[in-house]
Amino acid sequence: MREIRYIQAINEALREEMRRDPRVFVLGEDIRQGAFGQTKGLVQEFGETRVLDTPISENGFCGAAVGAAMNGLRPVVELMLSSFAYLAMEQILMEGARMEGRYTFGSQIQVPVTFRFLTGASGHNGPQHSDQPYPMFMNNPGLKIVLPSTPFDMKGLLKQAIRDNDPVLVLESINLLGKQGSVPEGDYTVPFGQATLRKEGTDVTVVALLHLVDAALEAAQILEQEGVSVEVIDPRTLVPLDRRTILDSVAKTGRLVIADDSHRTCGAAAEIAAGVADEGFGFLKAPIKRVTRLDVPIPYSEPLEKYVLPNKDRICQAVRDTLR
């Protein structure tokens, strides 16, 4: 095990999978230069035929990737920022997800394409570059959705995504790019649909997504000083979602807080809350609480941005509210 950054874990996963399988190639805007660092150095090792700079046409190169996947290759598409995925919705959803082979072609073809993009609000980038679109994609069957919160999970889940035979969205948190963590040097993958317990507790369950896992762990330390024991669960993937681990935890604690950096209305937190209310209502000692973005576009103003976004203080308050 060694300590590497989240962004290095992305680069290692891409490099190792490209070495392992000659069908894997990467494409997107400015990826030969590695604008954010995830694809830095790949063109020097693998050449221009497997590291493809594309025109600024998300709909075009996402469609090309879906077609390549249907013909036996394993493309990894970099969309840079999550808001750029909106420009390619037809290809990601109508072609990628809808063409997923079991339903459209009777399992005669597969669509092993991976879409990667940075997501989240950081540094007052305003409403155009601060989105968390994963709830929208959750509502479209055929896609798998991956939310790594540590360098270990980032590398293992991305490698699993590239090897998967279905379309996969890998959301890379802009708030976590510099995060350090332990990652083994050998080959490994992290399976989809298996949540992980980040901290054990007995009083309240907190399910947290992406960078809010760290905020939940900080909140748990604060609340421990108040005599409150918080259990923190990281789902790792939204589709498939490990409902069993969440329900088992709620059965133990009787309370649930969900920390989700998407908007409150129709967000991932709403879906997780609905699932627990549907299958585990009898376990609950208090109403479920959601800690989310406010239902407004993300402001350019840095103080207003902080006000709109969920954080550890709001998680602490939600936990306290469930205990009243």
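Heavy-atom basis, side chains included; hydrogens, waters and symmetry copies ignored. This structure is a prediction, so every number in the text was calculated from the model and none was measured.
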Practice problem: Check the pair K199 / E224 against salt bridge (charged side-chain N to carboxylate O under 4.0 Å, His left out), numbers first and verdict last. | Solution: CA-CA 12 Å; K199 179 186 176 299; E224 276 187 358; 3.1 Å; yes
Exercise. Just do the side-chain hydrogen bond (donor to acceptor under 3.5 Å, both in side chains) check on N139 and Y134 with the steps written out, would you?
Key: CA-CA 9 Å; N139 192 244; Y134 47 78; over 6 Å; no
Quiz item: Going through the checks in order, is the side-chain hydrogen bond (donor to acceptor under 3.5 Å, both in side chains) test met by S249 and E231?
Solution: CA-CA 8 Å; S249 178; E231 183 148 294; 2.7 Å; yes
Quiz prompt | Step-by-step side-chain hydrogen bond (donor to acceptor under 3.5 Å, both in side chains) determination, R5 to N11 | solution = CA-CA 10 Å; R5 292 181 298 151; N11 187 277; over 6 Å; no
Quiz prompt | Full working for ring-ring contact (aromatic ring centres under 6.0 Å, His included) between F152 and Y188 | solution = CA-CA 10 Å; F152 176 89; Y188 72 96; 4.7 Å; yes
Exercise. Verify salt bridge (charged side-chain N to carboxylate O under 4.0 Å, His left out) between R264 and D295, making sure each step is shown before the conclusion.
Key: CA-CA 6 Å; R264 184 176 183 84; D295 280 338; over 6 Å; no
Exercise. Check step by step if salt bridge (charged side-chain N to carboxylate O under 4.0 Å, His left out) holds for D21 and R163.
Key: CA-CA 9 Å; D21 188 341; R163 298 180 193 188; over 6 Å; no
Exercise. Start with the C-alpha gap between V146 and V170, add the side-chain angles, then the distance that decides, and say whether side chain to side chain contact (heavy atoms under 4.5 Å, CB included) holds.
Key: CA-CA 5 Å; V146 175; V170 180; 4.3 Å; yes
Practice problem: Run the numbers on E3 and S182 for side-chain hydrogen bond (donor to acceptor under 3.5 Å, both in side chains), then give the verdict. | Solution: CA-CA 5 Å; E3 294 284 314; S182 298; 2.6 Å; yes
Self-check item: Step-by-step salt bridge (charged side-chain N to carboxylate O under 4.0 Å, His left out) determination, R15 to E12
Solution: CA-CA 5 Å; R15 195 179 298 275; E12 281 194 7; over 6 Å; no
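Using a cutoff of 4.0 Å between basic side-chain nitrogens and carboxylate oxygens, R320 and E226 are scored as salt-bridged. A salt bridge is absent between R314 and E218; no separation between the charged side-chain nitrogens and carboxylate oxygens falls under 4.0 Å. Ion pairing between a basic and an acidic side chain is recognised when a charged N comes within 4.0 Å of a carboxylate O; E271 and R243 show such pairing. Salt bridge status for K159 with D187: present, with a side-chain N to carboxylate O gap under 4.0 Å. For D248 and R244, the salt-bridge test passes: some basic side-chain N is under 4.0 Å from an acidic carboxylate O. Using a 4.0 Å cut-off between charged nitrogen and carboxylate oxygen, D203 and R255 do not count as a salt-bridge pair.
Between K155 and the choices E16, Q160, Q8, the side chain to side chain donor-acceptor pair (under 3.5 Å) rule is met once, by E16. Of the residues T196, D214, V207, the one that meets the side chain to side chain contact (heavy atoms under 4.5 Å, CB included) test with D234 is T196.
Ring geometry for F117 versus F137: interplanar angle of 30 to 60°, hence tilted.
A donor-acceptor pair is defined here as one N or O able to donate and one able to accept, closer than 3.5 Å; no such pair exists between the side chain of T54 and the backbone of F61.
Put simply, CG on L212 and CD1 on I315 are 5.5 Å apart, with the number rounded to the nearest 0.5 Å.
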